[in-house]
Participant: 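Just dropping this structure here.
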Amino acid sequence: MKVLHNKIEGKLLKEALKSDVRERTTLSFYKYWNLGNPGFFRDYLYLHLEELEVLGRIYVAKEGINAQISVPDDRFEGLKDFLNSISFLKGNRLNVAVEAHAKSFFKLSIKVREKIVADGLSDETFDVTNRGKHLSAKEFNELTDDPETIIVDMRNHYESEVGHFEGAILPDVDTFREELPLVADLLKGKEDKNIVMYCTGGIRCEKASAWMKHNGFSRVHQLEGGIIEYARQIRAQGLPNKFRGKNFVFDERLGERISDEIIARCHVCGNPADTHYNCRNTSCHVLFIECDSCREKLEGCCSDDCRDVIHLPEEEQKELRRKLFTGVRYFHKGRGKQRIFRLRSESETQ
Ligand SMILES: [Zn+2]
Ligand SMILES: [Zn+2]
């Protein structure tokens, strides 16, 4: 039987990709759909996407599919044909990344999950299909020109820290799960105002807008296709850009620039900077923002302590790693003052 997952080591995969000179397109798509047998669908996808040389991360659940992938440009049409051959994905929008970056993924991973986005909600309690009104970039600009309109960023603090829409409320949360009840609470008394929500690719707002309507908000809107699609539309149609800074994305790039402004600061020295890195000390691996000069001084680490660790013999480093947690860590609150680390399990990422 054919092996339906990657058996090759990450390092070798990176090498293999380096020798492939073809340009790749990075894209994402999602669809809420009632899947009878996610496991079967997962294997079916793997078989075909591997053949199309697709790389990336895909979650499949009873509630649908959420994919962040890259494909060689000469296989892009083939991929579209394949997706269109699946009834519920026919004509579904593909969010193509703004910045061309060939090496955003190194392998193909398709996982069956409880949810395609970890939202902490039990869907029986409300109608997820009763979602907010979709807005195009042009409609978004028009509606947000009205000072009465409330704009809410539905992403986490480390995402909005490097880029967000002008005048948006930026909840200080680590996860989407935390954000939902907080936003409904925050906007109490504004049930009749126009509310516009946005996120990276639109998927979180599909649920969040339904949640807000369930909580009594009557004029809920969502930016269709999220920041990624907004950036594409303002370029294609020559519209004014209301997004400042970078759009944080969950692949090797960790962000794509939408406007030239740098709105964040280096977590080490406080100078303007908006590039995220993972600390080079693998037992730390914290996600943080670092400027070029600190990056050079600390050799890609987040602190002197971590820099000391990477100069230890490999054996000692391994021992340290064994003692510490694994997982993704990032600066809590992302403001650089208190360096409190928190662990984020993989299921909490997008
Ligand atoms: Zn710095
Ligand atoms: Zn570190």
Side-chain angles (χ1 to χ4, degrees), residues 9-11 13-14 57 99 101 103-107 118 153 155-164 170 172-176 178 243-350:
E9 218 185 308
K11 245 188 214 160
L13 291 169
K14 277 191 193 185
R57 184 174 54 194
E99 279 180 16
H101 192 291
K103 316 280 148 88
S104 34
F105 296 104
F106 298 107
K107 62 175 184 177
D153 193 314
R155 302 170 303 154
N156 309 327
H157 69 79
Y158 54 87
E159 298 173 278
S160 56
E161 187 177 3
V162 293
H164 54 78
L170 311 172
D172 199 356
V173 293
D174 294 339
T175 64
F176 185 53
E178 276 171 67
F243 192 89
R244 299 282 159 261
K246 254 184 182 178
N247 181 24
F248 185 96
V249 287
F250 281 100
D251 61 29
E252 296 279 328
R253 299 167 299 158
L254 294 180
E256 58 183 16
R257 187 161 294 290
I258 313 280
S259 85
D260 290 333
E261 293 133 288
I262 292 175
I263 65 163
R265 293 187 174 275
C266 172
H267 287 173
V268 183
C269 71
N271 284 329
D274 66 358
T275 307
H276 275 98
Y277 297 98
N278 285 109
C279 177
R280 244 189 85 200
N281 170 15
T282 44
S283 57
C284 169
H285 203 62
V286 67
L287 179 64
F288 72 121
I289 296 171
E290 192 170 45
C291 72
D292 289 343
S293 90
C294 289
R295 188 156 176 78
E296 203 184 319
K297 215 163 54 205
L298 296 175
E299 299 172 48
C301 294
C302 73
S303 59
D304 292 328
D305 289 352
C306 281
R307 186 187 47 193
D308 292 344
V309 170
I310 63 167
H311 289 296
L312 293 172
E314 183 56 30
E315 271 312 302
E316 275 177 63
Q317 287 193 49
K318 260 191 195 153
E319 189 53 39
L320 266 175
R321 282 200 288 275
R322 257 194 293 278
K323 284 188 206 147
L324 286 160
F325 294 102
T326 51
V328 186
R329 310 204 310 164
Y330 54 91
F331 274 78
H332 188 60
K333 307 296 179 205
R335 306 292 188 254
K337 268 186 219 127
Q338 347 118 263
R339 289 210 186 162
I340 304 164
F341 297 127
R342 264 203 39 181
L343 283 167
R344 178 181 54 171
S345 69
E346 207 193 333
S347 65
E348 281 177 314
T349 63
Q350 197 188 140

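Indexing begins at 1, ligand by ligand and atom by atom, following the structure's order.
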Participant: Suppose you place the vertex at the Zn ion (ligand 2); what is the angle out to Cys284 SG and Cys306 SG, to 10°?
Facilitator: 110°

Participant: Within the 4.5 Å heavy-atom criterion, are Arg265 and Ile289 side-chain neighbours or not?
Facilitator: no

Participant: Using side-chain heavy atoms (C-beta onward) and a distance below 4.5 Å, is Glu159 in contact with Asp153?
Facilitator: no

Participant: Suppose we screen for salt bridge (charged side-chain N to carboxylate O under 4.0 Å, His left out). Which residues come up paired with Glu261, at least two apart in sequence or across chains?
Facilitator: Arg244

Participant: Does the side chain of His157 reach to within under 4.5 Å of the side chain of Asp174, using non-hydrogen atoms?
Facilitator: yes

Participant: Below 4.5 Å, heavy atoms only, C-beta onward: do Asp304 and Leu298 meet side chain to side chain?
Facilitator: yes

Participant: Check which protein N, O or S atoms are less than 2.8 Å from the Zn ion (ligand 1) and report how many there are.
Facilitator: 4

Participant: Taking backbone and side chain together, does Cys302 place any N/O/S atom at a distance below 2.8 Å from the Zn ion (ligand 2)?
Facilitator: yes

Participant: Look only at the side chain of Arg307 and the backbone of Glu299, and say whether a donor-acceptor pair between them is shorter than 3.5 Å.
Facilitator: no

Participant: Indicate the ring-plane relationship of Phe288 and His267, choosing parallel, tilted or perpendicular according to the 30° and 60° boundaries.
Facilitator: tilted

